[in-house]
Amino acid sequence: MTSINDVFITELNANLSNYSKEQNPENRKNSINERSNIFFKSDFIQNFQIVIFATSHYTKEHNIDICKLFNVDFQETKHIDKNPKQWYNLHINK
């Protein structure tokens, strides 16, 4: 690859801090709910061919359904170098 085009990065939580635990929990919850219900459903995000959604504990903590949000199907959980603490979930288009 010689260049990168059409790349966008953002946070699920719009409140800035080094760690989410440093934030007011209600403000964090409101920000994540608003972004997952409005921004991530926008055509701007939905039209990307590949989305890397690094969420850590947010998906479980805030009941975010990635399959529903991005209209994808869960395929599998993969571990990096067979390390159970380093994993990612792979989803594919329907």
Side-chain angles (χ1 to χ4, degrees):
M1 180 186 302
T2 58
S3 67
I4 300 174
N5 296 312
D6 301 323
V7 174
F8 177 79
I9 185 170
T10 189
E11 297 283 337
L12 182 57
N13 178 0
N15 299 318
L16 302 177
S17 67
N18 289 331
Y19 301 99
S20 60
K21 66 183 179 185
E22 296 173 351
Q23 298 177 14
N24 174 290
E26 192 64 28
N27 290 345
R28 182 179 67 236
K29 177 183 173 184
N30 290 339
S31 175
I32 291 170
N33 286 337
E34 180 178 320
R35 289 176 68 78
S36 62
N37 287 315
I38 298 171
F39 180 71
F40 286 98
K41 290 182 180 178
S42 71
D43 288 343
F44 175 76
I45 296 295
Q46 296 291 322
N47 285 327
F48 277 89
Q49 292 181 0
I50 298 172
V51 174
I52 299 172
F53 200 59
T55 62
S56 183
H57 58 90
Y58 284 165
T59 51
K60 288 182 182 180
E61 185 178 327
H62 298 281
N63 297 314
I64 298 169
D65 185 341
I66 293 173
C67 294
K68 185 177 177 182
L69 183 62
F70 291 102
N71 195 30
V72 294
D73 288 325
F74 171 79
Q75 181 145 0
E76 64 182 307
T77 297
K78 293 193 171 203
H79 292 92
I80 300 167
D81 296 329
K82 299 182 182 180
N83 181 342
K85 293 183 179 183
Q86 294 188 357
W87 55 271
Y88 62 94
N89 290 325
L90 181 63
H91 294 75
I92 59 172
N93 289 340
K94 290 186 176 189

**OP:** Please identify each residue that fulfils salt bridge (Lys or Arg N to Asp or Glu O under 4.0 Å) with K29, with sequence neighbours left out.
**Re:** none
**OP:** Kindly compute the distance separating CD1 (I45) from CD1 (I38), expressed to the nearest 0.5 Å.
**Re:** 13.5 Å
**OP:** To the nearest 0.5 Å, tell me how far H62 NE2 sits from H57 NE2.
**Re:** 7.0 Å
Subject >> Shared hydrophobic cluster, I52 / I64 (ILVMFWY, side-chain heavy atoms < 4.5 Å) >> reply: no
Original post:
For S31 and A14, which heavy atoms make the closest approach, and how far apart are they?
Top reply: OG-N, 2.8 Å
**OP:** Drop me the distance from N15's CG to E22's CD, to the nearest 0.5 angstrom.
**Re:** 12.0 Å
Original post:
How many angstroms lie between CD1 in I92 and CD in E76, if you round to the nearest 0.5 Å?
Top reply: 9.5 Å
Subject >> Partner residues of E26 under the salt bridge (Lys or Arg N to Asp or Glu O under 4.0 Å) criterion, sequence neighbours left out >> reply: none
Subject >> For the student: nearest non-hydrogen atoms of T77 and N89, plus distance >> reply: OG1-OD1, 2.5 Å
**OP:** Check whether F44 and L69 end up in the same hydrophobic cluster, where Ile, Leu, Val, Met, Phe, Trp and Tyr are linked by side-chain heavy atoms less than 4.5 Å apart.
**Re:** yes
Subject >> Name of the residue among L16, N18, N13 meeting side-chain contact (heavy atoms from CB on, under 4.5 Å) with Q23 >> reply: N13
Original post:
More than 12 heavy atoms of other residues, nucleotides or ligands under 6.0 Å from CD of E11: is that the case?
Top reply: no
Original post:
Are F74 and Y88 joined in one hydrophobic group, where the rule is that I, L, V, M, F, W and Y side chains link up if heavy atoms are under 4.5 Å apart?
Top reply: no
Subject >> Side chain proximity check, W87 to K78, heavy atoms < 4.5 angstrom >> reply: no
Original post:
Among all residues two or more places apart in sequence or in another chain, which pass the salt bridge (Lys or Arg N to Asp or Glu O under 4.0 Å) test with R28?
Top reply: E61
**OP:** Of all the heavy-atom pairs spanning S56 and T59, show the shortest one and how long it is.
**Re:** O-OG1, 3.9 Å
Original post:
What heavy-atom pair brings D73 and K94 nearest, and what distance separates the two atoms?
Top reply: OD1-CE, 3.2 Å
Original post:
Distance-only, no hydrogens or angles: does the S17 side chain make a donor-acceptor pair with backbone N or O of Y19 under 3.5 Å?
Top reply: yes
Subject >> Sub-4.5 Å side-chain heavy-atom contact between S36 and Y58 >> reply: no
**OP:** Using atom types as modelled and distance alone, determine if a side-chain donor or acceptor of E34 lies under 3.5 Å from a backbone N or O of F39.
**Re:** no
Original post:
Is L12 reachable from V51 through a run of hydrophobic residues whose side-chain heavy atoms are each under 4.5 Å from the next?
Top reply: yes
Subject >> Hydrophobic cluster membership, L90 vs I66, 4.5 Å side-chain cutoff >> reply: no
Original post:
Roughly how far apart are F70 CZ and D65 CG, rounded to 0.5 Å?
Top reply: 11.0 Å
